Visitor: 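Sending over a structure as structure tokens; questions will come in a sec.
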Amino acid sequence: MPMEKQYNHIKYEAGIYALWEKANAFAPQEVNKKNLKKSKKSFSIIMPPPNANEDLHIGHARFVAIEDILIRHARMKGLATLWLPGADHAGIETQYVFEKKLKEQGKSRFDYEREDLYKMLWDYVHKYKDSMYDQLKRLGASCDWSREKFTLDPEIIAIVKQTFKSLYDEGMVYRDEQLVNYCPNCGTSFSELEIDYVERDDLMYYLDYGTVTIATTRPETIFADVAIAVNPQDSRYKKLIGKKATIPLINRQIPIIKDSAVDKKLGTGALKVTPAHDPTDFEIRKRHNLPTVSVIDSEGKMINTPPEYIGLRVADARRKVVSMLKDRGVLIKEVPIRHAVATCYKCKNTIEPMISKQWFIKVKPLTKDALLAIRKKQVKFAKDKYKKIAVHWLKNLKDWNISRQIVWGIQIPAWRCDQCMEWVVTAGETPNKCPNCKASSFTQETDTFDTWFSSSQWPFATLMTTGKNDFKRFYPTSVMETAYDILPFWVIRMIMLGLYKTKNVPFNNVLIHGLVRDKNGQKISKSKGNVINPLVMVDKYGADALRMGLIWGTLIENDISLSEENIRGQRNFANKLWNVARFVSLNQSQLKAMSRAPRSQNKNDHAIIKKLRRTAKIIDKEIENYRLNQAAENLYNFIWKDFANDYLESTKSRRSKAQPTLEYILSESIKMAHPFMPFITEAIWQNLYGNSQKPLIFQSWPK
RNA sequence: GAACGCGUAGCUCAGUUGGUUAGAGCAUUCGGCUUACAUCCGAAAGGUCCAAGGUUCGAGUCCUUGCGCGUUCACCA
């Protein structure tokens with residue numbers, strides 16, 4: 001049956017993927033060379049698990065293109081190759097999108113019991129997970145679905161809890177007061193990532209504290225003041241240090257202290273220290289061992305104040321305090337200012353920093369080992385700039401708050417004895433007896449782990465639980481490939497926890513890719529209306545064209561500007577390859593796949609064979625160095641210019657004599673193109689050699 | 001304020017330890033339905049490599065300074 005004039009991706013793609021799955025082509029093959037080092041006979045990538053709460057976006061498509069090229073190339077080179085797929089429960093993110101859905105139905109999470117909410121989220125996420133996996137398949141991802149993992153699989157949870165327990169047992173976990181970003185409206189705290197800083201016009205109030213004048217935008221918190229701080233270099237206040245100031249309205253005496261966190265130029269240069277309701281002040285309080293007074297409760301109402309303010313909402317309390325201050329003559333002036341205010345990214349209300357108890361991990365010992373592993377090149381960064389960023393983060397990482405006040409996640413395996421209030425940490429089971437007071441009644445911590453705490457254990461947690469001896473075979477993995485925005489959250493913590501748990505690095509190489517931007521280099525966002533839906537592009541131009549477009553012309557580590565014109569150009573390239581195959585197979589009843597060059601050669605035959613070998617070597621080298629753009633360009637030029645335009649044209653006058661060389665160059669070209677454009681190359685292969693050969697995915701890379 | 005980048009053709013980007021005449025895709029112009037492909041073929045035009053200085057036999061590439069732009073982190077009493 002002759003090939004069509006144009007390659008029709010719609011007709012082939014689904015069937016090709018099914019063919020690979022049926023042939024079990026994604027499972028790591030056996031390599032029986034005992035004398036080789038592990039790194040020479042295996043190649044593995046753990047997929048960065050996408051959030052199971054959304055459709056794949058174009059950024060996911062980029063990592064699929066990159067990782068699948070590396071994987072397919074390694075597979076064709078004869079290595080035992082594993083690409084392990086997975087999905088992330090994405091704690092806060094998922095709960096946020098889910099609550100939006102609830103809101104559309106006029107409900108909120110407070111309408112449900114913890115267990116019911118968890119169950120609903122579970123179902124929601126599993127629906128998305130399945131469709132997300134289908135989308136990965138449509139992009140041609142050759143990952144081993146029999147090893148698929150979800151971050152909330154029971155066996156993963158067990159490992160995560162075990163890690164927490166051993167950290168706790170070794171004294172690397174502690175509980176401490178932390179100023180959390182609390183939204184009184186939503187009833188939860190948020191991480192820094194979930195805070196929007198919004199510019200707002202407010203008033204700065206100058207207040208008379210007796211010995212000094214201070215400036216504040218939050219006069220309602222004066223009841224929570226515990227000190228006045230000035231910069232040690234500030235000559236205006238030097239003689240006041242150690243003296244007292246007086247809080248107006250309640251006439252409480254507080255000390256005047258020095259702290260370099262105070263900016264001389266802001267306000268009056270004298271700062272009222274309110275540790276319970278301000279992050280800077282909280283830090284100052286730690287350095288000077290000051291007490292804390294909380295005057296705002298979790299509903300955003302005043303507490304611990306003179307009776308006339310108790311129960312007022314913050315804004316009302318502010319008005320009342322200001323008017324009282326005016327009456328007493330201690331309000332010196334009001335100055336309008338524009339400043340950034342922390343607001344909730346969900347409901348847009350003002351965030352109230354509040355003190356609460358949280359679980360922390362001491363990071364110093366972990367970062368020390370991670371830095372050492374990077375210095376000793378046990379973990380290599382493909383690009384130096386990302387190594388610099390990783391090292392910078394590792395050197396500056398603060399102790400890690402791993403507790404979150406949400407339901408959607410792994411509940412922290414810590415129980416508080418109802419009798420003596422001491423904490424008991426287990427690997428998951430409810431404790432029987434309190435080791436402290438022998439009581440047997442406990443209440444479990446309701447907080448869940450930060451998503452990054454579990455995903456930082458992903459490489460070993462996945463490989464340890466496939467039931468296939470994979471940890472021994474594939475750990476550490478060859479390459480960790482992911483986007484740069486999660487380098488500090490994820491990559492460095494995987495190194496930290498991998499070293500902690502396994503005494504070995506989790507991966508040998510780190511490959512970081514940039515974002516996908518639109519054709520003008522603009523960041524892609526819904527509000528800008530420049531969203532590129534990868535599946536729409538797959539429908540329109542084929543998965544192969546999209547994959548090529550996602551690596552074409554730009555280095556992996558840089559942001560790529562993707563245009564539909566570019567994808568169309570790659571579709572044209574795919575069609576060119578198709579037609580080369582069509583030409584070679586026309587008038588030819590039976591083709592043989594040849595992996596050796598045929599005998600009879602003239603000068604042109606000789607030249608193209610030489611060029612083919614050189615190109616295969618160049619592509620090898622470029623892939624090894626992660627310069628996929630260069631690899632793709634060499635492939636493109638070889639097939640289009642050298643093969644089609646020059647060599648193939650030259651054979652038209654001597655068709656029958658050149659036929660063996662044509663067939664040889666064709667089959668080898670298809671092999672070289674396969675990692676980049678898996679569908680069309682397999683479609684051609686099946687058309688030409690499907691009856692006599694194993695699928696292309698199993699074939700060896702040209703030598 | 002700090003860290004890390006970027007500045008090369010109209011646009012988006014390559015240019016690997018310094019080494020012929022600086023490249024690609026897209027866009028543009030001209031000519032072609034040549035029996036694999038018009039999703040094509042042939043040809044052309046297009047660059048003071050941000051600026052200044054330095055190192056060198058030689059600089060797009062290395063160093064210094066300046067200008068412009070970006071990302072992230074910190075701060076915002």
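Proteins come first, then strands; the chains are lettered A, B, ... in the order of their sequence lines, and each starts at number 1. Keep in mind the model is a prediction, meaning the values are calculated, not measured.
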Visitor: Nearest to the side chain of A:N645, which nucleotide is it out of B:G42, B:A14, B:A77?
Guide: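 Comparing B:G42, B:A14, B:A77 against the side chain of A:N645, the answer is B:G42.
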Visitor: What nucleic acid atoms does A:Q630 come within less than 4.0 Å of, heavy atoms only: base, sugar-phosphate, or nothing?
Guide: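 A:Q630: backbone/sugar contact only, no base atoms under 4.0 Å.
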Visitor: Nearest to the A:R582 side chain among B:A36, B:A14, B:C4, which nucleotide is it?
Guide: B:A36
Visitor: What nucleotide, of B:G15, B:A77, B:A36, holds the atom closest to the side chain of A:V580?
Guide: B:A36
Visitor: Can you check whether any acceptor in the base of B:A27 is under 3.5 Å from a donor in the side chain of A:K519, or vice versa?
Guide: no
Visitor: Phosphate oxygens OP1/OP2 of B:U12: is one of them under 4.0 Å from a side-chain N or O of A:N566?
Guide: no
Visitor: Does A:E622 reach a base, just sugar-phosphate, or nothing at all? Heavy atoms under 4.0 Å.
Guide: base
Visitor: Evaluate the ring planes of A:W640 and A:Y636, with Trp represented by its six-membered ring, and classify them as parallel (under 30°), tilted (30 to 60°) or perpendicular (over 60°).
Guide: tilted
Visitor: So what does A:V262 hit on the nucleic acid, given a heavy-atom distance under 4.0 Å: a base, only sugar-phosphate, or nothing?
Guide: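 Counting heavy atoms under 4.0 Å across all strands, the contact made by A:V262 includes a base.
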Visitor: Using a 4.0 Å heavy-atom cut-off across all strands, classify A:R627 as base, sugar-phosphate, or nothing.
Guide: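 Touches a base.
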Visitor: Name the residue closer to the 5' end of RNA chain B, choosing between A:N637 and A:S561 according to the nucleotide with the nearest heavy atom.
Guide: A:S561
Visitor: Are the side chains of A:L487 and A:W393 in touch, meaning some heavy atoms are under 4.5 Å apart?
Guide: no
Visitor: If you check every side-chain atom of A:Y484, which of B:C76, B:A77, B:U71 has the closest atom?
Guide: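 Comparing B:C76, B:A77, B:U71 against the side chain of A:Y484, the answer is B:U71.
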Visitor: With the side chain of A:N558 defined as its heavy atoms from C-beta on, choose the nearest nucleotide among B:A14, B:A36, B:C26.
Guide: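 Taking heavy atoms from C-beta onward, the closest nucleotide is B:A14.
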Visitor: Between atom CG of A:L666 and atom CH2 of A:W685, what is the distance when rounded to the nearest 0.5 Å?
Guide: 9.0 Å
Visitor: Ignoring hydrogens and angles, answer whether the base of B:C37 and the side-chain atoms of A:K5 contain a donor-acceptor pair closer than 3.5 Å.
Guide: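 Side chain to base: no pair present.
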Visitor: Using the P atom as the reference point in each nucleotide, state the distance between B:U29 and B:A36 in Å, no decimals.
Guide: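 It works out to 30 Å between them.
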Visitor: Rounding to an integer number of Å, can you tell me how far A:N625 CG sits from B:U17 P?
Guide: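 Value for this atom pair: 12 Å.
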Visitor: Given B:A36, B:C4, B:A24, which nucleotide is nearest the side-chain atoms of A:W552?
Guide: B:A24
Visitor: Let me spell it out: for each of A:W640 and A:P279, pick the nucleotide of RNA chain B with the closest heavy atom. Which residue's pick is nearer the 5' end?
Guide: A:W640
Visitor: Has the side chain of A:N575 got a donor or acceptor atom that lies under 3.5 Å from a matching backbone atom of A:Q6?
Guide: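 Here the side-chain-to-backbone pair does not exist.
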Visitor: Which one, B:A36, B:C76, B:C40, comes nearest to the side chain of A:H339?
Guide: B:C76
Visitor: Kindly say whether, by distance alone, the side chain of A:E4 makes a donor-acceptor pair under 3.5 Å with the base of B:A36?
Guide: no
Visitor: Can you tell me how far C1' of B:G5 sits from CG of A:L515, to the nearest Å?
Guide: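 Nearest whole value for this atom pair: 13 Å.
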Visitor: Between CD of A:E622 and CD1 of A:I619, what distance do you get to the nearest 0.5 Å?
Guide: 9.0 Å
Visitor: Once you round it to whole Å, what is the distance between P of B:C73 and OH of A:Y386?
Guide: 14 Å
Visitor: For the side chain of A:T554, counting heavy atoms from C-beta on, which of B:A14, B:A77, B:C37 is nearest?
Guide: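 The closest nucleotide is B:A14.
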Visitor: Looking for any heavy atom pair under 4.0 Å, which part of the strands does A:R571 touch: base, sugar-phosphate only, or nothing?
Guide: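 Here A:R571 touches the bases of the nucleic acid.
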Visitor: Between B:U72, B:A36, B:U16, which nucleotide has the shortest distance from any of its atoms to the side chain of A:K523?
Guide: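 The closest nucleotide is B:U72.
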Visitor: Nearest-Å distance, NZ (A:K265) to C1' (B:G1)?
Guide: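 Those two atoms, NZ and C1', are 10 Å apart.
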Visitor: Compute both the distance and the angle, then confirm whether A:R582 meets the cation-pi test with A:Y7: under 6.0 Å from the six-membered ring centre, within 45 degrees of the axis.
Guide: no
Visitor: What nucleic acid atoms does A:A644 come within less than 4.0 Å of, heavy atoms only: base, sugar-phosphate, or nothing?
Guide: base
Visitor: Starting at CD1 of A:I567 and ending at P of B:U12, how long is that distance when rounded to a whole Å?
Guide: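 It works out to 17 Å between those atoms.
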Visitor: Would a 4.5 Å heavy-atom cut-off, applied to side chains only, mark A:M3 and A:W578 as touching?
Guide: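 In short, these two side chains touch, coming nearer than 4.5 Å.
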Visitor: Can you tell me if A:K641 touches the phosphate of B:G25, counting only side-chain N or O atoms and a distance under 4.0 Å to OP1 or OP2?
Guide: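 Affirmative; the distance criterion is met.
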Visitor: Can you tell me the distance, in whole Å, between the NZ atom of A:K383 and the C1' atom of B:C4?
Guide: 15 Å
Visitor: Nearest to the side chain of A:K388 - B:C76, B:A36, B:G5?
Guide: B:G5
Visitor: Is there a donor and acceptor pair closer than 3.5 Å between the side chain of A:R517 and the base of B:U12?
Guide: no
Visitor: Using whole Å, what does the distance between atom C1' of nucleotide B:U39 and atom CE of A:M537 come to?
Guide: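 After rounding, the gap between these two atoms is 16 Å.
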Visitor: Heavy atoms only, 4.0 Å cut-off, all strands: where does A:L555 land among base, sugar-phosphate and nothing?
Guide: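 It contacts sugar-phosphate atoms only.
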Visitor: Starting from P on B:A77, measure out to CD1 on A:I228 and report it in whole angstrom.
Guide: 15 Å
